Each structure stands twice: as structure tokens, then as C-alpha cells.
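Every value quoted in this text rests on a predicted model; they were computed, and no experiment measured them.
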Amino acid sequence: MQLGENAIKVLERRYLTKDIEGNVIETPEDMFKRVAKHIAQADKIYDESADIEDTENVFLDMMTNLEFIPNSPTLMNAGRELGQLSACFVLPIEDSMEGIFDAIKNAALIHKSGGGTGFSFTRLRPRGSSVKSTGGVASGPISFMKVFNSATEAVKQGGTRRGANMGILRVDHPDIMEFIKCKQDTSEITNFNISVGLTEKFMEAVEKGESYELIDPHTKQPVSSLNAKEVFDNIVSMAWNNGEPGIIFLDRINKANPTPGLGEMESTNPCGEQPLLPYESCNLGSINLVKMIKKNGLKYELDYARLGETVDKAVHFLDNVIDVNKYPLEEIDNMTKSTRKIGLGIMGFADILFYLGLPYNSDEAVELAEKIMEFIDKRSKKKSSELAAQRGTFPAHEKSIFKANGIELRNSTTTTIAPTGTISIIAGASSGIEPLFAISFVRNVMDNDKLVEVHPYFEEVAKERGFYSDELMERIASEGTLAHIDEIPEDVKNVFVTAHDISPIWHIKMQAAFQNHVDNAVSKTVNFKHEATKEDVEEVYTLAYKLGCKGVTIYRDGSRQDQVLSTAKKEESKKDKEQNNENAIKPRMRPAITQGMTEKVRIGCGNLYITVNYDENGICEVFTNVGRAGGCPSQSEATSRLVSIALRSGMDVKSVVEQLKGIRCHSTLRQRGTNKDIKVLSCPDAIGKALERVMNTYVDEEHPTVNDIAMEIERETKNISDSCCCAPNNEILGEGEISVSLETKPQSKGNTCPECGNGLEHEGGCVICRSCGFSKCG
């Protein structure tokens with residue numbers, strides 16, 4: 001397998017099987033074998049004589065060649081006890097206390113299994129409505145969203161993936177204005193992406209500047225009206241402010257509903273690409289287009305024969321997933337098997353544009369998008385039709401749009417464009433249909449040698465054209481774009497564009513091109529520069545409606561970081577608020593560049609690696625990593641995070657050291673008597689002593705060199721032994737070795753990963769770290 005270093009790191013951290021102590025006991029090859037073996041078993045359901053081993057090998061080759069990767073829950077859970085393989089679910093919320101808390105319970109079960117959930121809160125009566133059974137008044141949808149949010153927060157702590165939700169409210173719900181502004185305080189409802197469900201009637205009223213009616217969902221009667229343009233302007237303003245709410249075109253989604261006889265679609269999954277009926281789930285997977293190109297002479301071209309074969313194998317794979325899946329609820333099992341929806345998409349689209357010499361922001365690229373997706377859509381329907389002949393049509397076929405047209409398919413939908421997040425890291429490809437975030441970036445730096453990562457094909461072109469140099473790659477990483485670098489030829493600049501080189505209009509054109517040939521929907525983030533205006537956002541929302549998109553998510557660079565939080569829980573005077581804001585202790589942002597040291601310390605549980613970093617303002621952060629022996633990594637990580645935030649909030653290092661030094665751990669003390677290498681009392685004691693060493697070496701205005709620090713630490717820790725490769729950043733520490741590092745990361749107005757400190761990318765309403773695989777929606 002040709003897995004990159006980062007892919008291996010993400011697999012070990014988030015996918016590979018671990019023992020009870022948290023040690024990885026599975027290789028990437030073993031993982032793919034586990035998945036292939038489990039998914040292939042479904043063939044026996046339809047043909048007792050099926051060659052399971054052959055199917056397993058076909059699936060295994062497809063995954064290990066990185067041609068196709070299924071969604072994360074399938075990689076994590078196939079062939080394991082949990083067995084839940086779906087990423088996307090939609091749950092109904094009935095307008096009763098029992099219905100609401102049933103939905104919360106069901107969502108918790110799904111989040112625990114690694115899935116994300118979508119909800120429409122439209123059925124809930126508006127705030128202030130009477131409740132006859134109790135004689136009280138309803139608290140409204142937003143109050144219950146906060147209850148769902150808290151439940152998600154509690155459950156996600158123990159899961160392999162963070163719980164994520166989509167919350168949708170129809171634009172004609174009486175509480176719509178409260179909903180539009182419910183995430184104005186970005187510390188609220190943090191586990192939800194939110195979208196307003198727009199109707200054709202509303203959009204027509206926006207164009208005409210007319211009012212529209214608000215409907216009580218309980219009585220189905222109009223209760224008031226609002227000016228549509230004013231509501232639309234509020235949606236635009238809030239999206240400009242911090243990226244939410246997004247918009248979903250509900251009538252358009254239901255027009256494409258393949259099984260209208262089963263009901264209306266009212267919500268999507270958390271990233272918006274999968275509209276589903278209540279209790280439906282969908283299994284997704286993506287083809288890596290980078291593996292679908294070939295060189296013809298001096299030029300690259302798309303290998304449609306190979307692409308077609310991969311589509312056939314992927315549809316077979318995803319249809320099998322439906323049968324071997326362990327669903328968290330019986331209702332979901334029944335509904336999913338009734339419609340048998342699958343969602344085949346792509347990743348690496350931005351990469352192949354580079355190889356083909358096409359700018360992302362060009363008509364040629366948009367035309368290619370249409371051509372590729374039309375091919376995949378038609379080929380997937382052909383394969384689904386073949387499966388229907390062998391296995392039968394999906395059970396809800398009689399209630400589908402296909403019945404009247406005499407079309408027999410195994411799956412009611414076959415195509416979706418999802419945000420590929422961590423699976424594109426595994427595949428070494430650009431995410432989904434998004435443009436590349438950066439051509440070159442600095443992942444980390446050790447011993448004053450910068451480790452710059454460059455897109456492989458750009459590096460190839462740069463060397464062929466004679467303008468490659470390490471210094472230039474570092475400059476590209478610093479600037480984030482090629483646009484203003486004179487040393488790079490214009491034709492190269494035009495092709496190797498990144499997300500913020502591309503105007504929002506081209507983002508929408510590309511999304512619409514794919515949507516033309518996708519059954520479900522397209523996950524796409526429209527990136528805006530920080531300086532973009534509200535009028536720019538309005539233009540994109542309007543164009544998305546006109547071009548046939550099913551929804552839109554936008555993000556203006558830095559808008560979340562610039563958002564003023566309103567966290568007061570009671571009414572305060574303006575003066576009080578200003579005084580409180582002025583007096584509040586707030587940690588400074590993590591610096592872009594730090595230097596420091598990594599020390600290996602022997603503790604009762606094995607080896608503890610402690611990284612202490614500082615900048616011109618002093619010590620600013622601590623990271624810890626426990627070696628293979630296990631131990632209690634959560635406690636040491638919690639200590640490190642609290643120490644880091646305390647230091648960046650201005651707390652004196654000496655005070656922190658005094659609190660940590662001397663703390664005892666029975667595990668460490670028990671082994672200390674027989675193991676001469678253990679020279680500390682506990683993990684906190686080790687962290688305190690490491691801080692003290694750096695504090696004593698970091699003198700006044702004259703900052704020491706890395707060699708000064710290393711020599712000082714070596715003097716104090718000369719007996720450190722046991723070589724190991726579990727240290728942070730994958731550095732190998734041998735006997736007596738101290739790793740001193742200088743680290744930089746891509747900058748985007750303060751968007752930094754809370755786990756590794758590298759840059760975050762916005763994708764489908766969520767964020768993803770391409771360095772460690774961290775992701776979060778909401």
C-alpha cells in the first residue's frame with residue numbers, strides 16, 4: 001500500500017483496532033481485509049454458491065489500491081462487534097414530550113455508533129403556544145435544540161467519532177427569526193449545523209419583495225406574516241457573520257424524492273449532502289479520481305474504462321453494506337432496506353484538474369465536472385439495474401417514481417457528493433469536489449530544519465520547469481497562494497489555484513454542475529475572503545437557487561474568530577457588559593511559530609513524552625503523549641491542556657510548577673523502588689519538572705538556542721533510556737536523546753486544530769484538520 005505518513009497517523013489514531021489499553025493491534029492492511037471480508041458476506045444471501053473469497057479480493061484490491069474508500073463508520077466497525085456501518089441518519093421529532101425525548105435517546109444511540117443525525121424541528125409548536133395537557137405554554141424548537149445539543153455533548157466523549165447534528169426549520173415556522181439567530185452566540189448549540197428550509201413560495205416572495213405567511217405546525221393555520229426579503233436578508237447577514245445558517249431548498253429536494261409514496265423529506269444529514277426520509281440511513285463511499293487518470297504521451301487523461309469498472313465494484317460494495325449492517329434501531333433497519341439508498345461520490349477532483357491542466361475556475365473544469373458525474377451516475381444506475389435483476393428491486397419500488405417508467409433498480413438512489421474529510425487523507429487526495437486548500441504548507445519543524453509538504457504534482461512541475469527551490473516552497477506555504485509570486489510562470493499560476501483564489505461564483509457553478517447528475521445532494525463549502533460583503537453572500541445564495549442547487553453552505557474566512565460572543569445568562573447594562581469584557585481573562589491565541597523541546601520520562605505506566613514550547617512571550621503550551629505501554633493518556637492530556645490555557649492567559653510559570661511538582665501516583669511510586677530509570681512521582685510531577693527546566697533555561701530577553709536547551713536537559717536527564725518511536729511528530733528518541741522542535745502551521749485567521757495546532761479547513765459546514773484527522777460539525 002502507498003499510504004502517506006499522515007494517512008498512517010490518522011488511521012492509527014481514529015480507525016485501527018486497539019486493545020483495552022489503547023494500543024493499536026491492527027495494521028492498515030488488516031483493517032481493509034477486515035472490511036472486505038465482512039462486506040463480501042452479503043453475496044451469500046442471494047447466491048449460496050457465490051465465490052465469497054473472490055468478492056473479498058475484489059473489494060480488498062479496490063480499497064488497498066486507494067481507488068475507493070467507504071465512509072468512516074464502515075472502516076471503523078465492519079467485522080467488529082458494533083457493526084454499525086452508516087454515516088447518515090434522519091430522525092423525526094414529534095410534537096410531544098415523549099416524541100422529543102424518544103428522538104434524543106435514538107440520536108444518542110446513533111452517535112455512540114459513529115453516525116450523524118439530521119432533524120427537522122418544524123413539527124414542534126412555536127414558543128408561547130398553549131399546551132392543553134398541562135395548561136402551560138410551549139418553549140419552542142430552539143429550547144429543545146439546546147437539549148439535543150447537551151445530549152450530544154455528553155455522548156460524544158466516549159465515541160470514536162464526534163457526534164454531529166443537522167437542525168432544520170422551515171422558513172414558514174413562527175419561530176423562524178429566533179432560529180436564524182440561534183447561533184449568533186457561537187458558544188451555543190455547538191454540536192449542530194443549522195439550515196433554513198426554504199420553499200419555492202418563499203423564494204418567489206423574496207424576488208417580489210412581498211410578505212409570506214407563517215404557519216402554526218400544530219393547527220396548520222396562518223398566525224402572522226413577515227416580509228420575505230427582510231427574512232432573507234437576516235439569513236444572509238447571519239451567514240456572513242459566522243457561516244450559519246445554511247439554506248436548504250425543501251421543495252427542490254422533494255421534487256427529486258425517489259419514493260414520494262413513503263412520505264416527504266424534511267431534513268438532511270449533518271453536512272447537507274444526504275436528504276433522507278424519517279428513519280432512513282444512507283451508506284456513502286467515494287472514488288479517488290487521482291487513481292483514474294493515465295498518461296498518454298506527455299499529457300494526462302481520465303481513464304474512463306477504469307473509472308467504470310470501479311463504479312461497478314463500488315455499487316456492489318455499497319449494496320452489500322445495507323445487508324450486513326447492524327442498525328441502531330429497528331425502524332431504521334426497515335426503512336433503509338425498503339429504499340436501499342446508496343451514495344457513491346468522488347474525491348481528488350481538484351487534484352486531477354492539476355494533472356489535466358485545467359483551472360478550477362474555468363468553464364472547461366465545469367464541463368469536465370458535468371461529464372465525470374454524468375458518467376458515474378449512468379454507470380451506477382446500470383450496475384444497480386443489473387443487481388436488481390439478480391437480487392430484486394428495492395422493496396419500496398411500488399411507491400417510487402421508477403415504477404411508472406418501467407425502470408427497475410436495486411437502489412432508489414446511487415449518487416451523492418459528500419465531504420470526504422478523513423477518508424481523503426487516507427487516500428492521499430483532495431477532499432470531495434473542493435478546491436485545494438494549500439499547494440504547500442509547513443507541517444512541523446524540528447532542529448531548525450523546516451519540513452515543508454508540497455502537492456506532489458506541483459513539485460513535479462516546478463522541478464521540470466526549473467523554478468523549484470526549498471525557499472520558494474516555504475514562501476508559498478507562508479503566502480497561501482501562488483498569485484503574487486513572480487518566480488512562477490503565469491500558466492502555472494492559472495492552473496494551481498487554491499480555495500481563496502477562486503471567486504464564490506465559480507464555487508456555485510461547480511456545485512451546480514455536479515448537482516445536475518447527482519441523485520441526492522452535493523456537499524460544498526463556498527469560501528469567501530474575509531473582506532467579502534453581505535451583498536456577495538446574497539449573490540451566491542440567489543445564484544444557487546437559480547442554478548438548481550439543493551442547498552448552500554458558505555464560510556467567510558475568519559468570521560468565526562471575529563464573532564463577538566454573547567454569553568451572559570442574565571440582563572446586564574451596557575456598561576456592566578463592557579466592564580466584564582474588559583476584566584475577563586482571555587488566553588492569547590496560539591502563536592504561529594514556537595520552539596521548544598520534547599523530553600522522554602519514565603513513569604510507572606511506561607514512557608511519557610512531554611513537549612514544552614515557547615515563543616517571544618514565554619512558555620505557551622505543553623503537549624504529552626504516552627508510549628505503547630498505555631497508562632492514563634486522558635489525564636495527562638487534560639493536565640497539558642489546562643496548563644497551556646493557563647500559561648497563555650498570563651499565569652506565572654512558577655505558580656503552575658508549584659502546583660504540579662510533588663503530586664504522587666501509586667502506579668509510579670510502586671515501580672520506582674525497583675526501576676532506577678523512574679525519577680518522577682507521577683505524570684503531573686514530570687510535567688512540572690519539565691516546565692521548570694525550560695523555565696530555568698529560558699532566560700530574560702536572551703532566548704537560548706535549541707542546543708542550549710538540549711544540553712541543559714541532557715545534563716539533568718542523562719540516564720534516560722529505552723529507544724521508542726511513539727514520540728510526538730513521529731521523531732525517534734534513542735538513549736539520552738532530546739528532541740527540540742520548532743513548529744509552524746498554515747494560517748487562516750485563527751482557524752487552528754485544538755488537537756495538533758495545524759490549520760483547519762471548512763467543509764460542508766464542518767471543519768477538518770488535514771494533519772491529524774480531527775473534525776467537528778456545528
Side-chain angles (χ1 to χ4, degrees), residues 90 118-123 126 141 166-177 179-180 194-217 219-239 244-269 272-278 400-401 413 505 508-509 511-524 526 537-554:
V90 162
F119 307 94
S120 172
F121 289 86
T122 301
R123 302 186 197 185
M166 170 64 84
I168 290 177
L169 196 71
R170 278 178 66 103
V171 73
D172 53 12
H173 191 285
D175 287 355
I176 190 59
M177 292 304 295
F179 178 82
I180 290 169
I194 64 168
S195 287
V196 178
L198 303 184
T199 63
E200 294 294 313
K201 189 175 181 180
F202 172 80
M203 292 304 296
E204 290 168 5
V206 171
E207 291 179 349
K208 297 175 182 177
E210 296 176 349
S211 294
Y212 74 106
E213 293 178 333
L214 301 180
I215 309 297
D216 187 320
T219 65
K220 310 300 183 188
Q221 298 299 312
V223 293
S224 61
S225 64
L226 291 172
N227 180 275
K229 184 61 169 64
E230 291 179 6
V231 173
F232 190 71
D233 288 346
N234 271 275
I235 295 171
V236 167
S237 179
M238 283 306 306
E244 293 195 87
I247 56 177
I248 298 287
F249 298 114
L250 287 177
D251 291 337
R252 190 167 290 168
I253 283 173
N254 277 291
K255 187 177 180 180
N257 182 359
T259 54
L262 293 180
E264 273 194 19
M265 294 181 181
E266 55 184 18
S267 186
T268 73
N269 71 322
E273 79 276 8
Q274 194 61 53
L276 294 168
L277 294 167
S400 76
I401 59 176
T413 67
I505 300 302
I508 287 295
K509 286 183 177 181
Q511 179 176 337
F514 278 100
Q515 185 65 76
N516 287 339
H517 303 286
V518 168
D519 293 328
N520 294 301
V522 175
S523 178
K524 175 85 183 68
V526 179
V537 175
E538 180 179 358
E539 181 184 17
V540 160
Y541 275 10
T542 303
L543 184 63
Y545 173 66
K546 291 180 178 178
L547 292 183
C549 295
K550 291 182 178 177
V552 186
T553 299
I554 71 106

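Contact check for Q511 versus I508: side-chain heavy atoms found under the 4.5 Å cut-off. Between I247 and S195, every side-chain heavy-atom pair lies at or beyond the 4.5 Å cut-off. No side-chain heavy atom of Q515 sits less than 4.5 Å from a side-chain heavy atom of L547. The shortest distance between side-chain heavy atoms of L226 and I176 falls below 4.5 Å. The shortest side-chain heavy-atom distance between V196 and V231 does not fall under the 4.5 Å cut-off. Side-chain contact check for Y541 versus I554: some heavy-atom pair is nearer than 4.5 Å. Residues P260 and N254 are not in side-chain contact: their nearest non-hydrogen atoms beyond the backbone lie 4.5 Å or more apart. Residues L277 and N257 have side chains in contact (heavy-atom distance under 4.5 Å, counting atoms from C-beta outward).
In this structure, the separation between OH on Y545 and CD on E207 is 5.5 Å, given to the nearest 0.5 Å. Between atom CD1 of residue I248 and atom NZ of residue K550 there is a gap of 10.5 Å, rounded to the nearest 0.5 Å. Distance OG/S523 to CZ/F514: 12.5 Å, rounded to 0.5 Å. In this structure, the separation between CE on M203 and CZ on R252 is 8.0 Å, given to the nearest 0.5 Å. Distance CG/N520 to CE/M265: 7.0 Å, rounded to 0.5 Å.
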| request: In sequence, state the C-alpha distance, the side-chain angles, and the governing distance for I235 and L198, and then conclude on side-chain contact (heavy atoms from CB on, under 4.5 Å). | output: CA-CA 11 Å; I235 295 171; L198 303 184; 4.1 Å; yes
| message | Could you go through D251 and K201, starting from their C-alpha distance and side-chain angles, then the distance that decides it, and tell me whether this counts as side-chain contact (heavy atoms from CB on, under 4.5 Å)? | response | CA-CA 9 Å; D251 291 337; K201 189 175 181 180; 5.8 Å; no
| request: Report the C-alpha separation of I253 and F249 in whole Å, then their side-chain angles, then the decisive distance to 0.1 Å, and conclude whether the side-chain contact (heavy atoms from CB on, under 4.5 Å) test is met. | output: CA-CA 6 Å; I253 283 173; F249 298 114; 5.8 Å; no
| field | side-chain contact (heavy atoms from CB on, under 4.5 Å) between E204 and Y212, intermediate numbers included | value | CA-CA 10 Å; E204 290 168 5; Y212 74 106; over 6 Å; no
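Contact between T413 and P258 at its shortest, heavy atoms only, is CG2-CG, 3.8 Å. Shortest non-hydrogen contact noted between S267 and G118 is OG-C, 3.4 Å. Across A521 and G272, no two heavy atoms sit closer than the pair CB-O, 3.7 Å.
Shown here are the salt bridge (Lys or Arg N to Asp or Glu O under 4.0 Å) partners of D216, two or more places apart in sequence or in another chain: there are none. Listed by chain and residue number, E94, E266 satisfy the salt bridge (Lys or Arg N to Asp or Glu O under 4.0 Å) test with R123 (two or more places apart in sequence, or in another chain).
N269 places no side-chain N or O within donor-acceptor distance of the main-chain N or O of M166, the cut-off being under 3.5 Å. In this structure, K220 contributes its side chain and P217 its backbone to a donor-acceptor pair below 3.5 Å. The closest donor-acceptor contact from the side chain of E244 to the backbone of I194 lies under 3.5 Å.
Counting only residues at least two apart or on different chains, the salt bridge (charged side-chain N to carboxylate O under 4.0 Å, His left out) pairs with a member in residues 167-176 are R170-D172.
Atom CD of E264 is surrounded by 12 or fewer heavy atoms from other residues, nucleotides or ligands within 6.0 Å.
By the 4.0 Å N-to-carboxylate-O rule, K229 lies close enough to D233 to be salt-bridged with it.
Screening T122, I168, L169 against F179 for a side-chain contact (heavy atoms from CB on, under 4.5 Å) leaves a single residue, L169.
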